[in-house]
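As the structure is a computational prediction, the values presented were derived from the model and not from experiment.
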Number of protein chains: 2
Amino acid sequence: MTDNPSPPAGRGVRPPTLADVAEAAGVSLITASRILNPGVRGTRSGSQERRRKVQDAAQALGYTVNPAAQTIAVGAARTIALIVTDIRDFGSATIMAGVMAAAESRGMSVAVRTTHDDPVRELEIVRALRGERHRGVIIATSRTTDEPRESRFRQELSSLEDSGARVVVIGDSTLPFARVTVDTESAAAELATQLALTHHRIAILAGPEGEVTSLERVTGFEAGLAAAGLSPIAVMHGEFSRDGGYAAVYDLQARLADVDLVAAMSDAMAVGAIVALNEIGFRVPDEMTVSGFDNVPLLADLLPGFSTVAMPLEQFGEACLDRILEDASDRRNNETVRLRADVIVRPKPHRSLP
Amino acid sequence: MTDNPSPPAGRGVRPPTLADVAEAAGVSLITASRILNPGVRGTRSGSQERRRKVQDAAQALGYTVNPAAQTIAVGAARTIALIVTDIRDFGSATIMAGVMAAAESRGMSVAVRTTHDDPVRELEIVRALRGERHRGVIIATSRTTDEPRESRFRQELSSLEDSGARVVVIGDSTLPFARVTVDTESAAAELATQLALTHHRIAILAGPEGEVTSLERVTGFEAGLAAAGLSPIAVMHGEFSRDGGYAAVYDLQARLADVDLVAAMSDAMAVGAIVALNEIGFRVPDEMTVSGFDNVPLLADLLPGFSTVAMPLEQFGEACLDRILEDASDRRNNETVRLRADVIVRPKPHRSLP
DNA sequence: TCTCGATTGGATAGCGTTGTCCAAGCATAG
DNA sequence: CTATGCTTGGACAACGCTATCCAATCGAGA
């Protein structure tokens, strides 16, 4: 009872193990295991009385399972790895929230890794994942058209999938894995079509060249313009960030007089664009319209008449976990699941005279 | 060579283990372990030739260590648990980014758990953490003055710390653990003092009653006002969110004519307040000043003359990891580390006539 | 040449859990 | 009363790795 071999307090009182619980309950370790951590084969629940004794003992000792031990015993962890570029990014954070919620409702936890858009780091991370025995891996970084890079990445992911982890890629890419995407192109096209009703001299602020996300947004947007008989006056490239938008507008400065809509391909860029436009002397939205993409929450409140596209970021979680946990026999059934984005066109506010 | 006992492809090619590497390199498993995963005692590096052979074999086989196995062998994982309320919150996401960066530079990874401000869930999470053998646990949820709740939480955390995980609490609270805090009160006071130079009829939009974060911000702000010989016209409580600020302004509506500064205790509340004020008919910032707290990035660009306080959110990571990894002999040395917040007072913009 | 200490490699056991098998108990049907 | 099938509990090995001890090797000093 009191002859605990570990020091009684302070550093390193070993947490109770199944063996401790079993001993306290007077059953074998195996029985305790079956009662407290019923596996997939939920049967073998034990008799009422033993159940109670074991559960009481576990409660009294404060037992909680050691997932690392489970992982090596079973050969697979109850975890999903989520790879994003940077957690401070609105999109990444929202996707993460959705994935965590979906994982939790399935009794799994999520391990998040950030690449900071470094191709080397990206490979290291995926490589290390192989040893971690995750159930699935969700790729939520923005992919590029850099073929050597993508090819190396693909190879590492294949090896990861061969080792038993289901790979799911969010968004379009050239990666041959299960995919959950959004109808970004058609949403971008519809946004363009709507905006083309009231604007005709349009400049596009695109993301980095070679980034798939940017590419499909621009492609869709241009298609929408084309449907209205228009084509953009200019397409400027920059980082998908506030500073990227800011710089892009200055790059465009000479031609701004010809422009009545600056269509940024991300909300963050749109904000940077607005700052630059104000500096240059264009009042937004009176003298210039700026649109975005992503539907970052606070902007709806602060930018009257701001049009954008709401991505179904939180829904990715459910969709990805479904793909990961779907029957193993359905594997290699790499059909793409496509979610819908929401086009949000807000009318320009009426000017109320001061 | 080719007589691999596992199926050649598809589901479940077991990832290579140390034993595989050792065999391929012609050394014992132990030697491979010492060369590839040198522990704390970094000595025993092996002879040059063996090193190379083992490393080559590991490279060729694509070996990566299984951290779960290390965890049960060593009795402690190379991980830090981070507990936040909701990852979509700007503060939580930024803290998380800082913690992840700091952990990574020390060769550890981070396990994030979200409580969604549910006291029961909070306890369950901490309880489960005990089995996970983390090196440290960072509490970044907002604590309350609900004594029963805090007491239960404290108890669970103590048991966690006894089991070997170092507990660090971010922000002030009644929890008796290592702490990393911010001089919130004095920052709030300084913000108030500065704003009191140009405003005299001030309403405070506080966070939820009983939340420590709100309490210290309000206390500091009132102290700053008092130093200027003022006291607030009203203190309204609400959620620390956009909707909370929105509602709080409507609660205040009858007295708004007497107010020249709405001091929100969070930036999100400030945005909601601005929306409500605009709806009611007060033009911000011309007819009413609104200030905030947190320094959410995009607001600086979109709200000219917006004053707020920048919290050192990213620095928490380094500070917390230092506390977690400091010498075990320094444990129970629960001195509080205090970081500095930055008061950002922006002058009201000049009205440029249209 | 011999002894000593330092360095290196390996054998063994163990970390906490589950999978697989086997034995015992029990009720039911023949 | 026995044969049958089902349920239940337990023994044993295994998962992949490291800690701890022990043996072998080596160089240097006596």
Side-chain angles (χ1 to χ4, degrees), chain A residues 5-6 12-23 25-54 58 61-78 128 130-133 163-164, chain B residues 5-6 12-23 25-51 53-54 58 61-78 128 130-134 163-164:
Chain A
S6 323
V13 177
R14 183 177 55 73
T17 70
L18 262 184
D20 301 328
V21 175
E23 190 189 339
V27 301
S28 80
L29 188 147
I30 317 299
T31 305
S33 169
R34 286 202 272 248
I35 291 177
L36 292 176
N37 310 316
V40 256
R41 28 170 42 75
T43 175
R44 314 276 315 237
S45 52
S47 69
Q48 276 298 348
E49 192 204 340
R50 277 167 186 261
R51 285 192 68 76
R52 243 190 18 87
K53 274 208 297 194
V54 170
L61 272 66
Y63 169 81
T64 59
V65 68
N66 180 330
Q70 279 185 320
T71 298
I72 72 156
V74 175
R78 297 190 63 78
R130 213 177 326 148
E132 300 179 13
R133 307 294 197 276
S163 79
Chain B
S6 323
V13 177
R14 183 178 55 73
T17 69
L18 260 185
D20 300 328
V21 175
E23 191 189 338
V27 302
S28 79
L29 185 141
I30 318 299
T31 305
S33 168
R34 287 201 272 246
I35 291 177
L36 293 176
N37 310 316
V40 255
R41 24 171 44 75
T43 175
R44 314 279 310 237
S45 52
S47 69
Q48 277 297 347
E49 191 203 339
R50 278 166 185 260
R51 286 190 68 74
K53 276 208 298 193
V54 169
L61 271 64
Y63 169 80
T64 58
V65 66
N66 180 330
Q70 280 185 319
T71 297
I72 73 157
V74 175
R78 297 190 63 78
R130 214 177 325 150
E132 298 178 14
R133 307 294 197 275
H134 296 283
S163 80

Separation of [N] [atom2] from [X] [atom1] (nearest whole Å):
X: B:Arg34; N: C:dT7; atom1: CZ; atom2: P; result: 14 Å
X: A:Leu29; N: C:dG19; atom1: CG; atom2: C1'; result: 13 Å
X: A:Arg14; N: C:dC15; atom1: CZ; atom2: C1'; result: 10 Å
X: A:Glu23; N: C:dG16; atom1: CD; atom2: P; result: 14 Å
X: A:Arg78; N: C:dT18; atom1: CZ; atom2: C1'; result: 13 Å
X: A:Arg130; N: D:dG16; atom1: CZ; atom2: C1'; result: 16 Å
X: A:Lys53; N: D:dG9; atom1: NZ; atom2: P; result: 11 Å
X: A:Ile35; N: C:dT17; atom1: CD1; atom2: P; result: 15 Å

(message) Using every non-hydrogen atom in the two residues, find where A:Val21 and A:Val54 come nearest and quote the distance to one decimal.
(response)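 Result for this residue pair: CG1-O, 3.8 Å.
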
Would you say [X] places a side-chain N or O within less than 4.0 Å of OP1 or OP2 belonging to [N]?
X: A:Thr31; N: D:dG9; answer: no
X: B:Asn66; N: D:dC15; answer: no
X: B:Arg50; N: C:dG9; answer: yes
X: B:Gln70; N: D:dC17; answer: no

(request) Could you pick out which residue, A:Gly75 or A:Ser28, lies toward the 5' side of DNA chain D when each is mapped onto its nearest nucleotide? (result)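 Looking at DNA chain D, the more 5' nearest nucleotide goes with A:Ser28.
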
(request) On DNA chain C, check which nucleotide each of B:Ala73 and B:Val27 is closest to and give me the residue with the more 5' one. (result)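 Closer to the 5' end of DNA chain C: B:Val27.
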
(message) Using heavy-atom distances to pick each residue's nearest nucleotide on DNA chain C, tell me which of B:Arg133 and B:Gly26 is more 5'.
(response) B:Gly26

(message) Mind checking if B:Ile30 touches a base, just sugar-phosphate, or nothing, with heavy atoms under 4.0 Å?
(response) base

Distance check, rounded to the nearest 0.5 Å: [X] atom [atom1] versus [Y] atom [atom2]?
X: B:Arg51; Y: B:Leu36; atom1: CZ; atom2: CG; answer: 8.5 Å
X: B:Ile72; Y: B:Arg133; atom1: CD1; atom2: CZ; answer: 10.0 Å
X: A:Leu18; Y: A:Ile35; atom1: CG; atom2: CD1; answer: 10.5 Å

Sub-3.5 Å donor-acceptor pair from the side chain of [X] to the main-chain atoms of [Y], do we have one?
X: A:Arg130; Y: B:Gly62; value: yes
X: B:Ser163; Y: A:Pro15; value: no
X: B:Thr71; Y: B:Pro67; value: yes

(request) Give the angle between the helix axes at the two ends of the helix from C:dT1-D:dA30 to C:dG30-D:dC1, taking five base pairs at each end and rounding to 10°. (result)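 Overall, the helix from C:dT1-D:dA30 to C:dG30-D:dC1 bends by 50° from one end axis to the other.
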
(message) Of the options D:dA19, C:dT18, C:dG16, whose atoms approach the side-chain atoms of A:Leu18 most closely?
(response) C:dT18

